[in-house]
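Inspection log for the structure reproduced underneath, given as structure tokens.
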Protein chains: 2
Amino acid sequence: MNRQILVVEDEAPIREMITFVLEQNGFNAIEAETIEQAQAKIKEPYPDLILLDWMLPGGTGVKLAKSLKQNEYTRSIPIIMLTARADEDDKVKGFDAGIDDYVTKPFSPKELIARIKAVIRRVAPTALEEAIEFHGIKLDPVAHRVSINDKNLDLGPTEFRLLHFFLTHTERVYSREQLLDNVWGTNVYVEDRTVDVHIRRLRKAIAGEGHEDFIQTVRGSGYRFSGKTKDRV
Amino acid sequence: MNRQILVVEDEAPIREMITFVLEQNGFNAIEAETIEQAQAKIKEPYPDLILLDWMLPGGTGVKLAKSLKQNEYTRSIPIIMLTARADEDDKVKGFDAGIDDYVTKPFSPKELIARIKAVIRRVAPTALEEAIEFHGIKLDPVAHRVSINDKNLDLGPTEFRLLHFFLTHTERVYSREQLLDNVWGTNVYVEDRTVDVHIRRLRKAIAGEGHEDFIQTVRGSGYRFSGKTKDRV
DNA sequence: AATTATTGTGACAGTTTCATGACACGGATA
DNA sequence: TATCCGTGTCATGAAACTGTCACAATAATT
């Protein structure tokens, strides 16, 4: 519950003030002065939220936001932009890059905290960090670990994401294309059939533990992850 | 409950922004750049809603909307049009084509989400994704599953669509031609008698569970799916 | 009853779709 | 540099699905 927040802000006094406010409110602050520093710090464990200054040396914050959004792992980290100008134009540019909210400088600590909590509340239900359990399959996104009936299971990155997606989207058919969009990411040019192969690899890994067929083929439509067996509904 | 939304928009940044916003709000986004792409993606599993840009290469969005409204299966998918111009004229054209709502660019994420939820709420009762139950027969379009008295039943794609159509159109006679149009799709040249064969296959699958004849032959006219038996009316 | 029109049924071949193993490429690592 | 691992693609064979036909069965008509 102790959320980690990355503060990307080049002006030291402001950065320190923010950090102070955050920690006063039970958050865990990480600081970064530049885009490069920020990128270096955005890796496991991923921060729960990023406070991003609009004006940064070496490029605008939007640039960073865009690059974060392209990565499967960082895509869902919410971003709050800090901007000096309440300029409408900037807001549009920011939303292009997938900004979740804005705080206009100067801002009060209360406002900042309120916005942060609002964003976290909104994103929390679909947060990547929640551990999942489903019919004996446990997946811990933070530890990046999967076990089936308490027996450890190691998967490649793609299989891990695929399983993660399935575990959070059970009992529903997904076409290959939808799986590509959701697991590989949009704007990735990969053959449809590639999904089959990864399905196979995931199946193999799971089945190794002598289990029912969780991943079901729905001919002509796609695949479905289900706890229900073939006969019983 | 995880709704699928198809975003048809040629400009990548806008499309990605929309996708991002949708996913932040618990929706499942599918992307399409052109009308052709959109049409290719509008098949099972059908999206729950379509966000459609007004200006698209190769024809206006209205064109796509019209064609969707002509097909039995896609007819009830709600459409929200994205338009740059708040032009009154365009709105009229759109409503002709069966548009459910408008969002004028530029729009805020909040507004977009609000409109989507409003439309879904309005349309939900007849939503395609709703599971259907009829005299012990259950069909879940989302999971792509059929059961009869809680016993799983597996059907081929055509039989599934046929049953789906019947379950949503009971107590009424349909000619072979009408069935072809609705289940196979228009512009498909297939022999009338092919319907008979698929009717037979579907009957066999259902009857395997020792059931009354849901599918009734109306000599000279076609078939009818009914809960009433032959003798009782 | 005989004839005709319509529908039921089983078989079949062509096509589509999927599972599977192999393989090559590229990045990371030692 | 050599090696390993993950990944995407392909070839192949198996299985499922589909449309059509021929003929049997049934209903309507004369």
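Values in this document were obtained by computation on a predicted structure and should not be read as measured data. By convention in this document, chain letters (A, B, ...) are assigned in the order of the sequence lines, proteins followed by strands, and residues within each chain are numbered from 1. In what follows, every heavy atom counts, from backbone to side chain, and hydrogens, waters and symmetry copies are set aside.
Comparing C:dG8, D:dT7, C:dT17 against the side chain of A:Arg219 picks out C:dT17 as the nearest. In this structure, the nucleotide among D:dT18, C:dC18, D:dT7 sitting nearest to the side chain of A:Arg201 is D:dT7. Closest to the side chain of A:Tyr223, out of C:dC18, D:dT7, D:dC21, is C:dC18.
Of the candidates B:Ile80, B:Ile79, B:Leu82, B:Ile79 is the only one forming a side-chain contact (heavy atoms from CB on, under 4.5 Å) with B:Leu52.
When each of A:Val197 and B:Gly220 is assigned the nucleotide of DNA chain C with its nearest heavy atom, B:Gly220 is the one assigned upstream, toward the 5' end.
For C:dG8, one of the phosphate oxygens OP1 or OP2 lies less than 4.0 angstrom from a side-chain nitrogen or oxygen of B:Thr217. Of the side-chain N and O atoms in A:Arg176, one or more sit less than 4.0 angstrom from OP1 or OP2 of C:dC18. For D:dG19, the OP1/OP2 oxygens have a side-chain nitrogen or oxygen of B:Trp184 closer than 4.0 Å. For D:dG8, one of the phosphate oxygens OP1 or OP2 lies less than 4.0 angstrom from a side-chain nitrogen or oxygen of A:His198. Taking only side-chain nitrogens and oxygens, A:Thr158 never comes nearer than 4.0 Å to OP1 or OP2 of D:dG6.
In this pair, A:Phe225 and A:Phe134 present their aromatic rings tilted. The plane angle is within the 30 to 60° band.
Heavy-atom contacts from other residues, nucleotides or ligands closer than 6.0 Å to CZ of A:Arg145 number 12 or fewer. In A:Glu133, the CD atom is crowded: over 12 heavy atoms of neighbouring residues, nucleotides or ligands sit closer than 6.0 Å.
What you find for A:Ala131 and A:Pro141 is that their closest heavy atoms are CA-CD, 3.8 Å.
Between the P atom of D:dG6 and the NE2 atom of A:His144 lies a distance of 12 Å, rounded to the nearest Å. A:Gln216 has its CD atom 15 Å from the C1' atom of C:dC18, to the nearest Å. Distance A:Leu180 CG to D:dT9 P: 9 Å, rounded to the nearest Å. The distance between atom CG of B:Asp192 and atom P of D:dG19, rounded to the nearest whole Å, is 13 Å. Rounding to whole angstrom units, NZ of residue A:Lys204 and P of C:dC18 are separated by 20 Å. Rounded to whole Å, atom C1' of D:dG19 lies 15 Å from atom CG of B:Leu162. Counting to the nearest Å, the C1' atom of C:dT9 and the CZ atom of B:Arg203 are 11 Å from each other. One can place CG of A:Asp196 at 18 Å from P of D:dT12, the figure rounded to the nearest angstrom.
Applying the 3.5 Å distance criterion, the base of D:dT9 shares no donor-acceptor pair with the side chain of A:Arg193.
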